[in-house]
Enquirer: 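Please see the structure below; I have some questions.
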Amino acid sequence: MAKVTVDGIVVEVPNGSNVLQACEAAGKEIPRFCYHERLSVAGNCRMCLVEIEKAPPKPFASCAYPVADGMVVHTDSPMVRKARRGVMEFLLINHPLDCPICDQGGECDLQDQAVGYGGDSSRYTENKRAVKDKNLGPLVKTVMTRCIQCTRCIRFATEIAGVPELGATARGESMEVGTYVEKALTSELSGNLIDICPVGALTSKPYAFVARPWELKKTDGIDALDAVGANIRIDSRGPEVLRILPRLNEDVNEEWLGDKSRFSVDGLKRRRLDACWVRRDGKLHKATWLEAFDAIAGKLHGLDGSRIGAVAGNLADAESMLALKELFSALGSENLDCRQDGAATDVSRRDFYTFNTSIAGIEDADALLLIGSNPRHEAPLINARIRKRTQAGKFPVGAIGPAAELTYPVEWLGDAPSVLAALLDGSHPFAKVLAAAKKPMIVLGQGALARPDGLSVLAAAWKLAGVVGALLPDWHGFNVLHTAAARVGALDLHFLPGPNGKPLPAMLGGGVDLLWLLGADEFDTTKIGANTFVVYQGHHGDAGAARADVILPGAAYTEKNGTYVNTEGRVQRSLLAVYPPGEAREDWKILRAFSERVGKTLPYDTIEALRARLEQVNPVFARIDILPRFGISDTTGPSGDPAGLGAAPFVPAVRNYYQTDPISRASPTMAECTATYRTALAVAAE
């Protein structure tokens, strides 16, 4: 540790730290534009100047100057103030005076630091430089005349996203930031360029000229469009959600967010269900809540519990799934399922279906095997964490499945299950790589589980984890990567067929007379029996609603207080940002009201009482945002025969990253992304 004095305050910082970090440790704010703690040091902007005693009498860029023991730093001397004013004057020479029409206005680093550290006049009288705007695709809008060439965007695209498509051309006054050949950015993390740009050069194209930050109500939420559980901030004005931004959570998403989670916000106000509908004479007609409940109750009357079933969708919150499960239990039904994709599961132990290493734990691993998973499309934030680990040093990555560009070096071992068998018996060369690692990781994707031999794949992957030393008292290297935000919570609640219950495939084709879909749209609804009475409870007019006989309008994830469990088993809560539209209501309230109508009243009237019941059913729901890291002592594997692997190749679980759920399918922005990037991929393939 180095002892550094900053403005009379003595602090100790790790050797190798820079002066800027020492100043922050002393509580001193240092202005900066190019420096970002998650990016490499560029030293471009020169705004972070400080004075250092016993060094040449000049200001030093604190971001690029290493600390030394006994160093004395001054952050607010006359020399420093004059130097910073000069730097700010240079930065503003070519910057356009368009703050009133700039979307960054009100949350702009350049505005804030010009007021705090700049001068009150400029000596520059020549014409300002103008730069042509670049077309970076449907998500990121550019006004490149505002660019101060801090190169944050270039470093993010290259280092974090792993898609080095941005760069600088020319030098001096002619330097421009952009793509070398004009093309759309192909990263699933491109929206983060907007967050890290310190000026208004990169802004959100769908959000352009929509609102000012001081007009917005800000609500903490959890992203429900994949299973990572990224922490988000929901910005709303009146009844409408206008944008979604990431919140800092070092253990989950750091400060990043995937493009689908950020930009599909416009899907929240399109194709919405805002009233009850009942099918009469083959056509859906608007109805009151009482009429809808009566229609369902009339169909339920006289039905045996074995003839009714329920399916939980991928966006459902834990509260609504528990209410639905207990309602159907009261009606005598064990026909429950949450696996629309048919993925194999073993819920006898929680570590059979969670990401046990944890997302942050990826950085501690020293080898990785992906089985039937494309994390770039299934969980871009986890893919970015894997890339971060590969950038830190030796980290061999092998993958079983169809080859894809994952933004880091991968050894593709093949797409057949026989590769997994070869790794198990040690005949495959990559088995030695895994065995030589001290903390190997195995990640099992839904593409490997959603197949007839899914249980065998699960058992074989667990057995392989034991063989290569991934199951230790201080290290748990077996991981299941889910794609649905509701899946782990549903498995924790055992929202699965009971001893005499039917899974989803058995409920189709006339297997039940009444099927209740809780936002379930991700299976082939044409396979539902022609005479099956379908109740769809959800928030968008998607596949499930099109087949429904009764529609009950529910609330989207931004419109309710909900509990979600991410792929690593972390329990998190999202807050209500806006109220559901029209007659729509929170899902658990709909189920509570209907239970009273059929004489099976659920024993909770408030969400607090419902959450207390959640904790009774499974104590894990009492651990809010707490994820203990653990090893393993009992290595007994899940049910399934490791030798029963089939011959069919593994296929990815997500074919189109931008449209995986009713919200993103209703989003015009995601439709534009789908058209843009599918065309780009087709051209690249040719």
Side-chain angles (χ1 to χ4, degrees), residues 31-40 42 44-45 47 99 102-113 134 136-144 146-163 165-166 177 185-214 216 218-223 225-226 228-236 241-250 252-266 380-381 383-385 387-388 669 673:
R32 83 292 296 269
F33 292 114
C34 68
Y35 177 79
H36 191 284
E37 50 273 11
R38 301 188 196 278
L39 303 176
S40 61
N44 291 339
C45 72
M47 194 65 202
C99 295
C102 176
D103 276 317
Q104 197 86 335
E107 48 190 10
C108 173
D109 291 348
L110 188 64
Q111 281 183 329
D112 296 341
Q113 294 183 36
K134 311 296 190 294
L136 300 184
L139 302 179
V140 180
K141 175 188 173 185
T142 63
V143 184
M144 298 311 294
R146 300 172 186 159
C147 178
I148 62 170
Q149 300 169 358
C150 68
T151 69
R152 276 187 182 183
C153 55
I154 298 172
R155 286 175 285 145
F156 174 86
T158 303
E159 297 167 13
I160 307 294
V163 182
E165 297 174 339
L166 285 174
V177 172
L185 296 176
T186 59
S187 171
E188 294 76 19
L189 299 171
S190 63
N192 296 289
L193 297 172
I194 298 164
D195 294 338
I196 64 172
C197 180
V199 296
L202 303 177
T203 55
S204 171
K205 189 173 284 187
Y207 180 70
F209 310 125
V210 170
R212 288 299 193 183
W214 54 84
L216 304 176
K218 302 167 180 62
T219 308
D220 289 350
I222 301 298
D223 173 43
L225 302 191
D226 61 24
V228 176
N231 288 217
I232 58 174
R233 193 186 85 194
I234 305 165
D235 286 358
S236 58
V241 176
L242 296 181
R243 69 173 177 178
I244 289 177
L245 300 176
R247 278 189 295 131
L248 179 67
N249 188 322
E250 295 289 355
V252 182
N253 58 302
E254 297 181 298
E255 60 186 83
W256 316 124
L257 189 61
D259 287 347
K260 177 177 59 179
S261 304
R262 182 191 297 263
F263 292 108
S264 63
V265 62
D266 54 352
L381 296 172
N383 195 65
R385 190 80 76 147
R387 173 173 170 78
K388 181 180 180 181
T669 303
C673 286

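For this chain, numbers begin at 1 and follow the sequence in order.
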Enquirer: Report the residues that fulfil side-chain contact (heavy atoms from CB on, under 4.5 Å) with Q104, sequence neighbours left out, ordered by chain and then residue number.
Expert: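 Checked Q104 against side-chain contact (heavy atoms from CB on, under 4.5 Å); matches are C102, C108, T203.
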Enquirer: Any side-chain heavy atom of D223 sitting closer than 4.5 Å to one from N253?
Expert: no
Enquirer: Is the shortest heavy-atom distance from the side chain of F156 to the side chain of L189 under 4.5 Å?
Expert: yes
Enquirer: Between L39 and E159, is there a side-chain heavy-atom distance shorter than 4.5 Å?
Expert: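 Yes, their side chains come closer than 4.5 Å.
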Enquirer: Can a salt bridge be assigned to the pair R233 and E255 using a cut-off of 4.0 Å between side-chain N and carboxylate O?
Expert: no
Enquirer: Salt-bridge test for R243 and E107: reply yes if a basic N is under 4.0 Å from a carboxylate O, no otherwise.
Expert: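 E107 and R243: salt-bridged.
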Enquirer: I'd like to know if K260 pairs up with D226 as an ion pair, taking the criterion as any Lys NZ or Arg NE/NH1/NH2 lying under 4.0 Å from an Asp or Glu carboxylate oxygen.
Expert: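 Here K260 does not pair with D226 in a salt bridge, since their nearest N and O are not under 4.0 Å apart.
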Enquirer: Decide yes or no for L242 and L216: does some side-chain heavy atom of the first lie under 4.5 Å from some side-chain heavy atom of the second?
Expert: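 Counting from C-beta outward, L242 and L216 do come under 4.5 Å.
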Enquirer: Please enumerate all residues that pass side-chain hydrogen bond (donor to acceptor under 3.5 Å, both in side chains) together with S187, with sequence neighbours excluded.
Expert: none
Enquirer: If the condition is salt bridge (charged side-chain N to carboxylate O under 4.0 Å, His left out), which residues does R146 pass it with, not counting sequence neighbours?
Expert: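 Only D98 meet the salt bridge (charged side-chain N to carboxylate O under 4.0 Å, His left out) criterion with R146.
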Enquirer: Indicate yes or no: at least one non-hydrogen side-chain atom of W256 is less than 4.5 angstrom from one of I196.
Expert: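 Counting from C-beta outward, W256 and I196 do come under 4.5 Å.
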Enquirer: Quick one: does L245's side chain get under 4.5 Å of I232's, heavy atoms only?
Expert: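 No, every pair of side-chain atoms sits at 4.5 Å or beyond.
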